[in-house]
Amino acid sequence: IALCYLAASFIQRRLSVRSQVAAVVVVLLDYWAALALVPVPGFGAGVLTQEGSLPSYVDRFLLGRHTYFQAPFDPEGVLSTFPAVVTTLLGGFAGTWLRGARPPEAKVAGLAGAGAMGVALGLLWSFWFPLNKALWTSSFVLYTGGWAALCLAACYWAVDVRGMKRGKEPFEALGSNAILAYVGHLLVLKFLVYPKVGGVSLRLLVAGALFGGWLPPKAASLAFAVSHAALWAAALTPLYRRRVFLKA
């Protein structure tokens, strides 16, 4: 996250919007070409497995058993940082658009249109370059960025255009103490993932006990994630009401 913000802030301060868009296109296309065409010793080109992908090989070659190594693959490695910077830049584009002088309705329409285009292009690209969070593929950047823009457009329309007040406080509490929420939820998840009971992590046991009996596995995982976020929103709301904000 720190590397992505550092790179994105440098790019946004030094380049025009048009040049930033060009940089986004170049990075996404080059990342696709690199993973599709550059051969990995022992595996060949175009392999997207944990062991055989180009990002995995680059990490092993440059960093060895570095601190975030999750054998045989690091989901936040060297090459995948480049498309992750693009994700950060997409957020910058949205912020620039919202801060402009256009009417609110035009801002909503622009965000929604860009979001729909991102989702469509990401899905189309996924036929050749699959959606993959661990590799942070170019199609994943467009698809997730598109959905983020659509959600932001809906929130902006509801809160800023329509003036909706009720129900927004938990989201404001999360956003106002985002660093605390992020670090805190990771520490809780680490506690739930690493301890094993009968070879099964506490996270799976808790999720199974709460949701496994009446939901399919993927839906149960989603329900656990949503409930975890809701608990953090509830925990941070008193801090928000007292205007206590913890920053790095």
Side-chain angles (χ1 to χ4, degrees), residues 1-12 14-15 19-93 118-148 182-183 186-187 189-190 192-196 199-201 203-204 217-218 221 225:
I1 294 175
L3 289 175
C4 290
Y5 271 90
L6 177 65
S9 61
F10 179 84
I11 291 171
Q12 287 191 312
R14 297 301 182 95
L15 299 180
S19 297
Q20 292 175 44
V21 173
V24 164
V25 173
V26 169
V27 170
L28 294 183
L29 289 176
D30 283 355
Y31 189 63
W32 176 32
L35 268 63
L37 302 177
V38 177
V40 174
F43 294 93
V47 178
L48 300 182
T49 63
Q50 290 188 351
E51 299 87 352
S53 66
L54 181 64
S56 180
Y57 172 76
V58 169
D59 287 341
R60 292 195 301 270
F61 181 79
L62 293 179
L63 305 175
R65 295 189 63 83
H66 55 96
T67 56
Y68 199 175
F69 191 88
Q70 297 182 3
F73 177 74
D74 185 342
E76 297 177 2
V78 176
L79 284 187
S80 60
T81 298
F82 287 91
V85 170
V86 171
T87 294
T88 313
L89 286 173
L90 295 181
F93 293 154
V119 171
L121 289 176
L123 284 176
L124 181 63
W125 205 347
S126 69
F127 287 104
W128 298 275
F129 198 20
L131 300 172
N132 190 307
K133 179 184 182 295
L135 291 173
W136 216 269
T137 55
S138 303
S139 58
F140 176 81
V141 171
L142 294 178
Y143 183 75
T144 54
W147 276 113
Y182 180 76
V183 174
L186 278 181
L187 292 176
L189 283 181
K190 295 296 183 184
L192 292 176
V193 168
Y194 288 115
K196 308 291 183 181
V200 181
S201 69
R203 178 186 182 278
L204 290 178
K218 289 184 178 180
S221 178

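When a residue number appears, it is its place in the shown sequence, counting from 1. Basis for what follows: all heavy atoms, side chains included, without hydrogens, waters or symmetry-related copies.
- The main-chain N or O of Val141 is never found under 3.5 Å from a side-chain atom of Thr87 such that the two would form a donor-acceptor pair.
- Atom OG of Ser80 sits about 11.0 Å away from atom CG of Leu54, to the nearest 0.5 Å.
- Separating the CD1 atom in Ile1 from the OG1 atom in Thr88 is a distance of 8.5 Å, to the nearest 0.5 Å.
- Pairing each heavy atom of Gln12 with each of Gln20, the nearest pair is CG-OE1, 3.4 Å.
- Scanning both residues, Asp59 and Gly77, for their nearest heavy atoms gives OD2-CA, 3.2 Å.
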Report task. Kindly determine whether Trp32 and Trp125 satisfy side-chain contact (heavy atoms from CB on, under 4.5 Å), including the steps that lead there. Result -> CA-CA 10 Å; Trp32 176 32; Trp125 205 347; 3.2 Å; yes
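- Taking CG of Leu6 as the reference point, atom CD1 of Ile11 lies at 9.5 Å (rounded to 0.5 Å).
- When all heavy atoms of Leu28 and Pro83 are compared, the pair lying nearest together is CD2-CB, 4.5 Å.
- Scanning both residues, Phe82 and Val78, for their nearest heavy atoms gives CD1-O, 3.7 Å.
- For the atom pair NZ (Lys133) and CG (Leu135), the distance works out to 11.0 Å, reported to the nearest 0.5 Å.
- A distance of 8.5 Å separates OH of Tyr31 from OG1 of Thr81, quoted to the nearest 0.5 Å.
- When all heavy atoms are compared, the tightest approach of Lys190 to Pro195 is O-CD, 3.9 Å.
- Ser139 places a side-chain N or O within donor-acceptor distance of the main-chain N or O of Phe129, the cut-off being under 3.5 Å.
- Ring pair Phe140/Trp136 is perpendicular by interplanar angle, where above 60° counts as perpendicular and below 30° as parallel.
- With rounding to the nearest 0.5 Å, the separation of OG in Ser56 from CG in Leu35 is 10.5 Å.
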Requested in this report: Check step by step if side-chain contact (heavy atoms from CB on, under 4.5 Å) holds for Ser126 and Tyr143.
Outcome: CA-CA 9 Å; Ser126 69; Tyr143 183 75; over 6 Å; no
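- Contact detail for Val193 and Ser201: the closest heavy-atom pair is O-CB, 3.2 Å.
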